[in-house]
Structure formats: C-alpha cells, structure tokens
Undergrad: 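Here it is, the structure, as structure tokens.
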Amino acid sequence: LPAFQKLGQIELSPTLRNMRMDEVPEIHIDSQGGLLDISFDIPQVEDGEFANVIAKLQENAEFYISESGKFYHFNEKFDRLKAALNELDDQFVIQGSSLHVNINRSFQISKIFENISSSNFSNEFKAFYEHLTHPETFPYEKPEHVKAELRSYQETGVRWMSMLTHYHLGGVLADDMGLGKTVQAITYLLSNLKEGETALVTAPASLIYNWASEFEQFTDTVDYVVVDGMKADRDALIHGKHQVYITSYGSFLKDFDDY
C-alpha cells in the first residue's frame with residue numbers, strides 16, 4: 001500500500017479495510033493469588049495464535065497476519081507495548097490470551113504498563129499496589145494476648161509482613177539491631193497463625209533460647225518448643241504436636257527431612 005500511495009489516492013473496499021487492524025489492544029491487569037494476569041483483547045486472534053502475536057511484538061516486527069486473514073499493523077502506536085513486553089523478557093507463562101507473571105514483579109508491571117493508554121488495572125491490583133507501596137494502610141489489629149506495646153514503626157513492620165502473607169509474597173524485615181524485630185515477628189505469627197497451623201523459626205544457635213524467652217515474655221498462648229540436643233531428642237520434639245518450632249540453622253539442615 002505505501003508503494004501505491006506514492007502513485008495516487010487509494011480507496012480500500014470495506015472488506016479490505018476490515019482486514020486491517022492497527023489499534024493497540026485493550027490490556028487488563030489483575031492479581032490472582034500468587035500471579036498477575038495480563039490479558040489482551042485482540043480481535044479475531046485465537047488463543048493458539050496469541051503466543052505468535054507476543055513473539056512478533058517482542059521481535060519488533062512490523063506486522064502479523066492471523067490465520068483468519070487479519071492484517072495487524074504494528075505501527076508506532078505499538079512501540080510502548082513492544083518495549084513493555086521486551087522488558088518482561090520471557091519471564092511469563094502464556095495461558096489462553098493472557099500472560100501470567102509472578103506477583104513479585106507487581107511494581108515493575110505497574111511501571112512498564114502505566115504509560116500504555118489501553119492498559120486497565122483491576123481494583124484488586126490497585127488495592128494490592130497501594131498496600132505494597134504503603135503497608136501502613138493494610139488492615140491489622142494487634143492480638144489481645146500480645147503482652148507488648150508496639151511502637152508505630154513496629155506496628156508498620158507487622159502490617160507489612162501480614163500484607164506479604166496475604167498476597168503470597170515473602171520478604172526480609174531488615175531493621176537495625178535493637179529495634180525489636182523479634183517482637184514484631186512474634187506479633188506477626190500470633191496475628192496470622194490459624195488453628196492447626198505451625199511455624200518454624202530458624203536462628204543462630206546462640207539465639208534460639210533468646211527466641212524462647214521472648215515468646216515467654218510477650219505471650220502465654222503459643223505452644224512453642226526449642227528443637228535442640230542429640231538427634232534422638234530433636235526427633236522426638238519435631239514429631240510432637242507443637243505450634244511453633246525454634247531451632248538453629250545447623251540443626252535444621254540435619255533435620256530437614258523430618259520437618
């Protein structure tokens with residue numbers, strides 16, 4: 001067509017015009033458990049062809065012709081989408097007409113898709129992003145049986161850890177020494193452990209009894225046990241019915257299969 005346009009005015013029939021698609025598809029981004037679902041509304045592209053379309057965009061191709069004969073012109077409107085998909089690399093799984101991405105890339109996904117006008121973020125994703133960037137807004141009530149008054153930054157730490165658990169994420173509470181990470185962790189466990197669930201605390205061997213004393217100091221409702229001693233003693237403790245198990249890194253490596 002560009003060659004013929006140089007010769008004069010071109011008029012396309014309605015049928016031919018309908019075969020041409022040059023609009024960036026609607027993109028819907030949602031959070032589902034531990035995954036982000038990035039779905040594309042591409043007319044007349046079957047689910048089996050979706051992977052081909054994504055591959056062409058990542059290759060910076062100028063067009064794609066679908067099995068139904070549609071001509072998709074990847075003009076300059078698609079530049080930001082191509083850049084976003086290239087930034088994702090191949091760290092996604094295709095299912096139907098969606099890309100599934102690990103939820104730990106949420107911040108990145110928000111940034112690389114926010115400038116694509118056809119992108120829409122679900123209310124669930126927006127709420128998650130708000131909690132991720134402002135953990136102090138995550139709903140939380142301190143358990144009544146925690147015998148400690150948390151400072152504001154400690155309460156924010158508990159909210160943050162609870163938020164990560166809610167969204168199937170992990171994290172590292174990296175406060176400086178002496179700022180009460182242990183009491184934050186204990187409060188987090190008491191806030192999130194449900195009946196029948198157990199937790200494992202691993203620590204340097206020199207600190208496992210310190211953890212026990214902290215549990216003793218800050219709560220009287222948790223059934224905890226320190227897994228220490230000879231192998232036979234540790235096995236008996238591990239196979240006992242307790243809510244929280246406290247052990248050293250070295251013992252945990254030796255007893256991994258027993259847990």
Side-chain angles (χ1 to χ4, degrees), residues 31 33-34 103-104 106-107 123-229 233-256 258-259:
S31 58
I103 200 168
N104 62 17
S106 297
F107 189 81
N123 290 333
E124 289 78 9
F125 180 88
K126 290 177 181 177
F128 165 59
Y129 188 78
E130 173 67 16
H131 291 149
L132 188 66
T133 53
H134 299 283
E136 69 277 4
T137 64
F138 188 77
Y140 157 79
E141 289 187 12
K142 191 185 81 172
E144 295 180 357
H145 45 276
V146 173
K147 298 183 292 185
E149 290 297 326
L150 298 183
R151 297 178 178 177
S152 60
Y153 72 87
Q154 292 175 321
E155 184 172 295
T156 297
V158 176
R159 288 178 185 270
W160 179 72
M161 289 187 286
S162 298
M163 178 272 297
L164 293 179
T165 296
H166 178 76
Y167 290 112
H168 309 282
L169 292 169
V172 177
L173 184 64
D175 286 346
D176 288 336
M177 291 181 62
L179 293 182
K181 294 186 293 296
T182 304
V183 70
Q184 291 179 69
I186 291 173
T187 305
Y188 157 75
L189 287 174
L190 294 175
S191 301
N192 290 274
L193 271 183
K194 299 179 177 60
E195 186 176 354
E197 292 182 340
T198 58
L200 174 66
V201 175
T202 58
S206 60
L207 294 179
I208 56 176
Y209 288 97
N210 180 68
W211 271 89
S213 66
E214 297 274 298
F215 270 104
E216 194 71 31
Q217 178 181 352
F218 293 121
T219 179
D220 52 13
T221 64
V222 172
D223 174 25
Y224 69 87
V225 65
V226 176
V227 182
D228 193 21
D233 297 328
R234 299 199 306 272
D235 286 347
L237 293 169
I238 291 170
H239 292 101
K241 298 295 183 181
H242 302 283
Q243 194 172 16
V244 177
Y245 298 82
I246 305 169
T247 193
S248 67
Y249 302 137
S251 293
F252 173 68
L253 291 174
K254 297 174 184 176
D255 303 331
F256 179 81
D258 296 310
Y259 285 104

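Only this structure's heavy atoms are used, side chains among them; waters, hydrogens and symmetry mates stay out.
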Undergrad: Taking C-beta and beyond as the side chain, do Leu200 and Thr247 meet within less than 4.5 Å on heavy atoms?
TA: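 Answer yes - side chains close enough.
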Undergrad: Nearest 0.5 angstrom please: Ile246 CD1 to Thr202 OG1, how far?
TA: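 One gets 11.0 Å once the value is rounded to the nearest 0.5 Å.
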Undergrad: How about Val227 and Phe252: do any of their side-chain heavy atoms sit closer than 4.5 Å?
TA: no
Undergrad: Taking the six-membered ring for Trp, is the centroid-to-centroid distance between His166 and Phe128 below 6.0 Å?
TA: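 No, too far apart.
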Undergrad: With a 4.5 Å cut-off on side-chain heavy atoms, are Pro139 and His131 touching?
TA: yes
Undergrad: Could you tell me which non-hydrogen atom of Thr137 sits nearest to which non-hydrogen atom of His134, and how far apart they are?
TA: OG1-O, 2.7 Å
Undergrad: Could you tell me whether Arg159 and Glu155 have a side-chain N and a carboxylate O separated by less than 4.0 Å?
TA: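 Yes, this pair counts.
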Undergrad: To the nearest 0.5 Å, tell me how far Thr219 OG1 sits from His145 NE2.
TA: 5.0 Å
Undergrad: Between Asp175 and Gln184, is there a side-chain donor-acceptor contact under 3.5 Å, judged purely by atom types and distance?
TA: yes
Undergrad: Roughly how far apart are Asn192 CG and Met161 CE, rounded to 0.5 Å?
TA: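 One gets 9.0 Å once the value is rounded to the nearest 0.5 Å.
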Undergrad: What heavy-atom pair brings Tyr245 and Gly240 nearest, and what distance separates the two atoms?
TA: OH-O, 2.6 Å
Undergrad: For the residue pair Pro204 and Ser248, what are the closest heavy atoms and their distance?
TA: C-CB, 4.5 Å
Undergrad: Considering only heavy atoms from C-beta outward, does the side chain of Leu190 approach that of Thr221 to under 4.5 Å?
TA: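 Answer yes - side chains close enough.
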Undergrad: Shortest non-hydrogen contact from Leu207 to Ala203?
TA: CB-CB, 4.5 Å
Undergrad: Do Tyr129 and Ser31 have side-chain atoms, one donor and one acceptor, less than 3.5 Å apart?
TA: no
Undergrad: Among Glu216, His242, Glu214, Gln243, which residue meets the side chain to side chain donor-acceptor pair (under 3.5 Å) test with Tyr224?
TA: Glu216
Undergrad: Hey, is CD on Glu149 packed in by over 12 heavy atoms from elsewhere, all under 6.0 Å?
TA: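 Not buried by this count: 12 neighbours or fewer within 6.0 Å.
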